[in-house]
Number of protein chains: 2
Amino acid sequence: MTNKAITIIDIAKILGVSKSTVSRALKDHPDISNATKEAVQMMAKQLKYKPNAVAMSLRHKKSKVIGLIVPTLSPFFFPSVIHGIENEVNKRGYNLMILQSNESYEREVLNVDILQSNNVEGILVSISRKTENLSHFTALIEDNTPIVFFDRIPKSIQADMVLVDDISGAFNAVEHLISIGKRKIAICLGNPNLLISSNRLSGYKKALKKHSIEINEEFIITGQSSEEAEKETKKLLELTNPPDAILAISDLTMSGIMKALYAAKIKIPEDIAVIGFCEDTFSQMYNPPVSTIDPMGIEIGKIAAERLFQRIHENNILEPKTINLSSRLIIRDSTKV
Amino acid sequence: MTNKAITIIDIAKILGVSKSTVSRALKDHPDISNATKEAVQMMAKQLKYKPNAVAMSLRHKKSKVIGLIVPTLSPFFFPSVIHGIENEVNKRGYNLMILQSNESYEREVLNVDILQSNNVEGILVSISRKTENLSHFTALIEDNTPIVFFDRIPKSIQADMVLVDDISGAFNAVEHLISIGKRKIAICLGNPNLLISSNRLSGYKKALKKHSIEINEEFIITGQSSEEAEKETKKLLELTNPPDAILAISDLTMSGIMKALYAAKIKIPEDIAVIGFCEDTFSQMYNPPVSTIDPMGIEIGKIAAERLFQRIHENNILEPKTINLSSRLIIRDSTKV
DNA sequence: ACCGGTCGTGCAACCGGTTGCAGTTGATAA
DNA sequence: TTATCAACTGCAACCGGTTGCACGACCGGT
């Protein structure tokens, strides 16, 4: 704050005691007499004394701050995760410092530095697409900083991970499509570099194999943006033998897919059934509301934060653990027969 | 960090110089000889020295942290604002500390305390619904803390405000509906306590008056959640003389309205045209894509942050100013004739 | 009157940097 | 040889709290 704030020294001077006494009186230390305590506490209230968190942080090396690094804050997924995290963090009297890597490796390294500089007590990370060298994270771990990765996790590192079981999520979605009589099932991937893409793809393939449906490479499309997904979906529709169902890998691709289907006046689910990995809130905006394998953004945030606090409270001596949330399959009209 | 980090004292000991010398060498102070500078900087790099931001914050009373208080992190609006803010904050080498008030006055007061304790250099706030007593903010202002209110602004306080011109936004939307031949125009409000609700309502009324259309109280409905909006819209449709256009006050209400229209198989825009205050990303998810008065979440965040930094850099001596962004009217198929 | 113990408080160091000022060194000028 | 002056470097205080330890006052017991 710009104007000088009230400090314990101010209170000490007014009351003619030492700052140690004020400090102890404020925290009800048994050494201090009741008379002194009362006087100090009254005065503190009167002057609207607020303890300086920065000073305490320096002294105790505990900042009561949790750091969060996400690739982006754009919709849809990460804002939900943040929502889940913030609730947990606030509940425990901690605060949240948020940084974006903007999918840049350099930025991510810098962000780790910033969080370290700020003495955060723990870090939650979803890594950028470009990150391959993990030394900024291994250094943190050697440094004994509590850290939990979520969603976009690094492949080879010993640490806590929180994610949803994408393989079984996609598997269940495809089986569901098969159960309603669909056989020509397409999938629209997002960024192929992401683990979630390959996991969801492999769940898709696994389900097809189980039901002896041949994999048609033409049915595997990629849309890194809504527009791209729309364009690719249009191509799908022009195939001589178009699909009768589409699995969307994200909210973004779903949005493009639905636009293409609307434009072509496709009947959903009669002509083409649709299902996707969409946040619940958004999946209900379409007509018909689309079935979804909930990516559980809020839940991931909550669980990751909980795990981080467990680490913080138990001195970070826990064995690294991977928490696999099983995703909920929510069936709506887009796949109802 | 849990393990002790490298400090300038470590470097000083190794090199056999004083910590003052190290401090100066690291910041290229002219007093220090080149030889010493090089030695220090080398060693700092080698030991991966990271300055302790907390210590600097304590010394300088500058934390390089901006505080943000929002009522909620749930979709749709505030996450967009945060996105806009974070870009600006990061760009300037600052960090963002985010707190939710959860629409609670007490929580909001507490959050202000927390931010003060953390020596944030400025605060961005969108106030809670329940906030009527503003003393926690006036105290901040008297304290000379830079502060900028956005979107949910308090009515009587001398400070910077950033908002979109809701009255003209609603006015233009309604005029647009009239221009395509609609006359029976309904509006679905959100929380009636919010200024945006009353502003948008008054823009709505103003436009109707200008075109000599009588205000029909039955056409003014309220939906604080998507479900409520859906229910109220259904009631609208059951009127003997239902509306031929609906203005949605938010993404949330739009979602409910569209569900009701889909269920009733209403033709959009032929039977009922639809327009709303929706984030661009979300307005395109509907079928047809809905026309929107962009609430400009990202833009608001950007402008509010810019104004806050202006205050910070100019020692907070600026005259309070209200920045009224004019909202963009984006016409899509939901209101095309 | 003396010793031991309790109670309440203050001193000073500490956390990790920054910075005004004084001190040391060596070279140069007188 | 000595005074003078850069050029470097170190000392110590400071930011706002916390905390181990010492100290003084007062008590009761002997």
Side-chain angles (χ1 to χ4, degrees), chain A residues 1-41 43-44 47-65 113-114 116-121, chain B residues 1-41 43-44 47-65 113-114 116-121:
Chain A
M1 306 294 122
T2 315
N3 269 359
K4 78 163 189 14
I6 302 296
T7 71
I8 55 169
I9 299 185
D10 298 319
I11 298 177
K13 273 193 193 135
I14 294 174
L15 260 41
V17 297
S18 76
K19 63 175 185 167
S20 340
T21 301
V22 175
S23 171
R24 284 190 261 251
L26 287 173
K27 40 180 41 190
D28 224 15
H29 190 106
D31 274 5
I32 305 297
S33 72
N34 285 328
T36 310
K37 271 183 197 167
E38 273 172 35
V40 169
Q41 284 165 4
M43 187 56 68
L47 298 180
K48 296 188 184 164
Y49 163 76
K50 309 229 168 75
N52 183 326
V54 174
M56 312 235 299
S57 171
L58 178 59
R59 182 70 233 258
H60 287 132
K61 308 238 207 149
K62 303 241 163 168
S63 56
K64 291 267 174 190
V65 175
D113 266 14
I114 290 173
Q116 277 199 100
S117 269
N118 280 281
N119 277 4
V120 296
E121 293 187 38
Chain B
M1 305 296 119
T2 314
N3 268 0
K4 76 166 188 15
I6 301 297
T7 72
I8 55 169
I9 300 185
D10 298 320
I11 299 178
K13 273 194 192 134
I14 293 174
L15 261 43
V17 297
S18 74
K19 63 176 185 167
S20 340
T21 301
V22 175
S23 169
R24 283 189 264 250
L26 286 173
K27 39 180 43 187
D28 225 13
H29 190 107
D31 274 4
I32 304 297
S33 71
N34 285 330
T36 310
K37 270 183 198 168
E38 274 172 35
V40 168
Q41 284 164 4
M43 188 54 70
L47 299 179
K48 297 188 184 166
Y49 164 76
K50 309 227 167 78
N52 183 324
V54 175
M56 314 235 299
S57 172
L58 179 58
R59 181 73 234 254
H60 287 132
K61 305 235 208 161
K62 302 240 165 169
S63 57
K64 291 269 177 190
V65 175
D113 267 14
I114 291 173
Q116 277 199 100
S117 269
N118 280 280
N119 278 3
V120 296
E121 293 188 39

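In what follows, every chain begins at residue 1, and chains take the letters A, B, ... in the order their sequences are listed. Worth knowing before you read on, the calculation uses all heavy atoms, side chains too, and leaves out hydrogens, waters and symmetry mates.
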Closest of dC15(C), dT9(C), dT18(D) to the Lys61(A) side chain is dC15(C)
Would you say Ser23(A) reaches dG17(D)'s phosphate, i.e. side-chain N/O to OP1/OP2 under 4.0 Å? no
Distance-only, no hydrogens or angles: does the Asn118(A) side chain make a donor-acceptor pair with backbone N or O of Val120(A) under 3.5 Å? no
The side chain of Ser20(B) lies closest to which of these nucleotides: dT18(D), dG16(C), dA12(D)? dA12(D)
Gln116(B) has an atom CD; how far is it from atom P of dG17(D), in whole Å? 13 Å
Is it true that a side-chain atom of Gln41(B) and a backbone atom of Ala25(B) form a donor plus acceptor pair closer than 3.5 Å? yes
Please tell me whether Thr36(A) and Ser33(A) have a donor and an acceptor in their side chains that are separated by less than 3.5 angstrom. yes
Counting N and O atoms only, with roles assigned by atom type, does the side chain of Lys37(B) sit under 3.5 Å from a partner on the main chain of His29(B), one being a donor and the other an acceptor? yes
dT18(D) C1' sits how many Å from Lys27(A) NZ, rounded? 7 Å
Trace of the salt bridge (Lys or Arg N to Asp or Glu O under 4.0 Å) decision for Asp31(A) with Arg24(A): CA-CA 8 Å; Asp31(A) 274 5; Arg24(A) 284 190 261 251; 5.5 Å; no
Value in whole Å for how far the C1' atom of dT18(D) lies from CG of Asp31(A): 13 Å
Please state whether the phosphate of dT9(C), meaning OP1 or OP2, lies under 4.0 angstrom from any side-chain nitrogen or oxygen of Thr36(A). yes
Rounded distance in Å - NE2 (His29(B)) to C1' (dT19(C)): 9 Å
Can you tell me if the side-chain N/O atoms of Ser57(A) get under 4.0 Å from OP1 or OP2 in dC15(C)? no
When you measure from the side-chain N and O atoms of Lys19(A) to the phosphate of dG10(C), is any distance below 4.0 Å, counting only OP1 and OP2? no
Rounded interatomic separation in angstrom, taking CD from Glu38(A) and C1' from dG8(C): 16 Å
Atom of Tyr49(A), atom of Ile6(A) and distance for their closest heavy-atom approach: CD1-O, 3.4 Å
Output the residues of residues 6-17 of chain B in contact with DNA chain D, where contact means a heavy atom of the residue under 4.0 Å from an atom of the strand; sort by number or write none. Gly16(B), Val17(B)
DNA chain D: 5'-proximal contact among Arg24(B) and Leu58(A) (nearest heavy atom): Arg24(B)
Would you say the side chain of Asn119(A) lies within less than 4.5 Å of the side chain of Asn52(B), judging by non-hydrogen atoms? yes
Straight-line distance of Ile114(B) CD1 to Lys50(A) NZ, nearest 0.5 Å: 11.5 Å
Which nucleotide, dT18(D), dT19(C), dT19(D), lies nearest any side-chain atom of Met56(A)? dT18(D)
Under 4.0 Å between a side-chain N/O of Thr21(A) and OP1 or OP2 of dG8(C), yes or no? no
Are side-chain heavy atoms of Glu121(B) and Ser63(B) found at a separation under 4.5 Å? yes
Backbone N or O of Ala53(A) within a donor-acceptor pair of the Ser117(B) side chain at under 3.5 Å? no
Base, sugar-phosphate or nothing for Asn52(B)? Non-hydrogen atoms, less than 4.0 Å. sugar-phosphate
Rounded distance (Å) that lies between atom P of dA12(D) and atom CZ of Arg59(B): 17 Å
Report the distance from atom CG of Asn34(A) to atom P of dC7(C), rounded to the nearest whole Å. 13 Å
Of the candidate nucleotides dT18(D), dG17(C), dT9(D), which contains the atom at the shortest distance from the side chain of Ile32(B)? dT9(D)
Compute the bend angle of the helix from dA1(C)-dT30(D) to dA30(C)-dT1(D) from the end axes (five pairs per end), rounded to 10°. 80°
